[in-house]
Amino acid sequence: MPELPEVQTVVNDLIHAGLIGKTICSADVLWNKTIGTQSPGDFVEKISGQKIQNIRRRAKYIIFDFESGMHLLIHLRMSGRLYISPASGKRNKHEHVILHLSDNHDLRFHDTRKFGRMILTENPDSVLRKLGPEPLSDDFTTEQFKTLLKSKNRRLKPLLLDQSFIAGLGNIYADEALWEARLHPQTVASELSSRKAVDLYRAIRKVLQKGIDNQGTSLGSGKSNFVSAERQQGNNAKNLMVFRRIDQACSCCGSKIKRIIVGQRSTHICPKCQKNKIY
DNA sequence: GTCTATGTTTGCGG
DNA sequence: TCCGCAAACATAGA
């Protein structure tokens with residue numbers, strides 16, 4: 001579910017709710033796999049008493065930096081959510097880890113599909129160093145992106161989803177960026193012209209920034225929709241040009257949007273605007 | 001009830 | 001290097 005803009009929205013919400021400076025008094029682990037290989041006893045013992053110094057995002061990870069030098073990395077994967085909830089709030093069966101805060105509130109990890117992970121570590125770099133550049137960072141330049149693309153003989157869609165190539169894009173924003181750049185998802189990265197590479201660079205930054213500005217993308221009205229830590233839906237769905245808009249008119253040329261499969265992933269394109277073999 | 005798809009990531013085999 | 005497949009799970013929708 002959550003990609004870079006949704007994860008950033010959650011982080012913004014957590015900060016807005018005043019979590020920085022709060023202390024985690026204790027915790028309950030109700031589904032062991034959520035904390036990976038660490039034992040629940042060890043996790044609870046180590047996280048209890050930790051004071052939150054900062055909350056930030058890297059790629060699709062939410063990172064809590066504690067004053068002790070420990071860090072909690074949270075990856076929401078497909079269906080994870082972080083909820084701020086009164087400690088007295090009714091428990092839900094999909095809440096797998098509960099962090100009890102010093103202000104009578106909980107931070108609850110709600111994850112229907114149970115793919116999400118919480119990693120408590122002194123060395124977050126062991127996880128984060130595998131990640132590619134942060135697309136909205138000032139350090140991420142067109143020149144860098146062009147060089148990266150040149151070195152890859154892979155098709156653009158799976159490449160954009162590869163977090164070690166570029167961090168933060170998922171299926172929604174990858175499709176949106178490719179449409180924005182008028183590139184076919186099967187285009188081989190190394191064959192892109194310099195001009196189209198810059199188009200793609202700008203498209204990626206544009207769709208991600210718009211997603212953040214609109215507090216993320218929530219689709220439909222089902223229970224698996226994205227909601228932030230304060231349970232707000234995002235407003236970005238109205239900006240989607242292709243994702244899940246099958247048979248609707250392309251806003252650029254009026255052609256019907258099609259769904260194809262690329263790299264085992266559902267992919268949405270305008271067949272007229274995104275021709276293959278345009279480099 | 002059945003079948004398919006799902007916004008993610010990882011590991012394996014070819 | 002790159003690709004396809006399977007798995008980790010639960011639910012929604014056809």
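Naming: A, B, ... by sequence-line order, numbering from 1 per chain.
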Mind listing the side-chain donor-acceptor pairs of residues 58-76 of chain A below 3.5 Å, one per line with the distance, residues two or more places apart or on another chain?
unit_1, atom_1, unit_2, atom_2, d
A/Arg58, NH1, A/Gly132, O, 3.1
A/Arg58, NH1, A/Glu134, OE1, 2.7
A/Arg58, NH2, A/Leu131, O, 3.3
A/Arg58, NH2, A/Gly132, O, 2.8
A/Lys60, NZ, A/Leu169, O, 3.0
A/Asp65, OD1, A/Arg56, NE, 3.4
A/Asp65, OD1, A/Arg56, NH2, 3.2
A/Asp65, OD1, A/His71, ND1, 2.6
A/Asp65, OD2, A/Arg56, NE, 2.6
A/Ser68, OG, A/Gln50, OE1, 2.6
A/Ser68, OG, A/Met70, N, 3.2
A/His71, NE2, A/Gly69, O, 3.1
A/His75, ND1, A/Arg77, N, 2.9

Applying a 4.0 Å non-hydrogen cut-off, can you work out what A/Tyr173 is touching in the nucleic acid: base, sugar-phosphate, or nothing?
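The answer is nothing, as A/Tyr173 stays clear of every strand by at least 4.0 Å.
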Any residue meeting side chain to side chain donor-acceptor pair (under 3.5 Å) with A/Glu143, in chain and number order, not counting sequence neighbours:
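A/Glu143 satisfies side chain to side chain donor-acceptor pair (under 3.5 Å) with A/Lys146 once adjacent residues are dropped.
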Check A/Asp111 with A/Lys114, please: is the shortest side-chain N to carboxylate O separation under 4.0 Å?
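Answer for the salt bridge query: no.
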Taking only Lys NZ, Arg NE, NH1 and NH2, and the carboxylate oxygens of Asp or Glu, determine whether A/Asp28 and A/Arg91 approach each other closer than 4.0 Å.
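Salt bridge flag = yes for A/Arg91 with A/Asp28.
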Separation between the [atom1] atoms of [N] and [M], rounded to whole Å:
| N | M | atom1 | answer |
| --- | --- | --- | --- |
| C/dC9 | B/dC3 | P | 22 Å |
| C/dC2 | B/dG7 | C1' | 24 Å |
| C/dC5 | B/dT4 | P | 15 Å |

Go through DNA chain C and write down every stem, that is, every run of at least three consecutive Watson-Crick or G-U wobble pairs with distances under 3.5 Å, as range with range.
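Paired runs of 3+ in DNA chain C: B:2-6 with C:10-14, B:8-14 with C:2-8.
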Counting only side-chain N and O atoms of [X], is one of them less than 4.0 Å from OP1 or OP2 of [N]?
| X | N | answer |
| --- | --- | --- |
| A/His94 | C/dT11 | yes |
| A/Arg265 | B/dG7 | yes |
| A/Gln264 | C/dG4 | yes |
| A/Thr217 | B/dG7 | no |
| A/Lys130 | B/dT9 | no |
| A/His75 | B/dT9 | yes |

If a pair satisfies side chain to side chain donor-acceptor pair (under 3.5 Å) and one of its residues is in residues 147-164 of chain A, list it, with sequence neighbours excluded.
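As it turns out, the side chain to side chain donor-acceptor pair (under 3.5 Å) pairs with a partner in residues 147-164 of chain A, which skip direct neighbours, are A/Asn153-A/Ser190, A/Arg154-A/Asp162, A/Arg155-A/Gln186, A/Lys157-A/Asn171, A/Lys157-A/Asp175, A/Lys157-A/Thr267, A/Asp162-A/Ser164.
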Consider the side chain of [X], meaning its heavy atoms from C-beta on, and name the nucleotide among [options] that approaches it most closely.
| X | options | result |
| --- | --- | --- |
| A/Lys93 | B/dT8, B/dT6, C/dT11 | C/dT11 |
| A/Ile172 | C/dT11, B/dG7, B/dT8 | B/dG7 |
| A/Lys33 | B/dG7, C/dC9, C/dT11 | C/dC9 |

To the closest 0.5 Å, what do you measure between [atom1] ([X]) and [atom2] ([Y])?
| X | Y | atom1 | atom2 | value |
| --- | --- | --- | --- | --- |
| A/Lys22 | A/Leu99 | NZ | CG | 14.0 Å |
| A/Glu176 | A/His268 | CD | NE2 | 9.5 Å |
| A/Ile269 | A/Phe243 | CD1 | CZ | 14.0 Å |

Provide the closest heavy-atom pair for A/Arg231 versus A/Ser85 in the form atom of the first, atom of the second, distance.
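Nearest heavy atoms, A/Arg231 then A/Ser85: NH2-CB, 4.0 Å.
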Spacing between [X] atom [atom1] and [N] atom [atom2], to the nearest angstrom:
| X | N | atom1 | atom2 | value |
| --- | --- | --- | --- | --- |
| A/Asp111 | C/dA8 | CG | C1' | 11 Å |
| A/Ile62 | B/dT8 | CD1 | P | 14 Å |
| A/Phe243 | B/dA5 | CZ | P | 14 Å |
| A/Ile74 | B/dT8 | CD1 | P | 18 Å |
| A/Ile246 | C/dG13 | CD1 | P | 15 Å |
| A/Leu4 | B/dT9 | CG | P | 11 Å |

Can you find an N or O donor on one side and an acceptor on the other, under 3.5 Å apart, linking the side chain of A/Arg244 with the base of B/dG7?
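By the distance-only test, yes, there is a pair.
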Tell me which residues in residues 113-127 of chain A lie within less than 4.0 Å of DNA chain B, going by non-hydrogen atoms.
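Only A/Arg113 qualify.
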Counting only non-hydrogen atoms, which of residues 152-171 of chain A are less than 4.0 Å from DNA chain B?
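Close to the strand are A/Gln163, A/Gly170, A/Asn171.
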Could you check whether the rings of A/His96 and A/Trp31 sit parallel, tilted or perpendicular, using 30° and 60° as the cut-offs?
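It falls in the tilted class, 30° to 60°.
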Can you see whether A/Phe109 has A/Arg81 sitting over its ring - NZ or CZ less than 6.0 Å from the centre and within 45° of the normal?
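The answer is no, since A/Arg81 fails at least one limit relative to A/Phe109.
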Can A/Tyr173 and A/Thr217 be counted as having a side-chain donor-acceptor contact under 3.5 angstrom?
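Yes.
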Quick check on side chain to side chain donor-acceptor pair (under 3.5 Å): which of A/His94, A/Glu95, A/His100 does A/Arg108 satisfy it with?
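Checked A/His94, A/Glu95, A/His100 against A/Arg108; only one passes side chain to side chain donor-acceptor pair (under 3.5 Å): A/Glu95.
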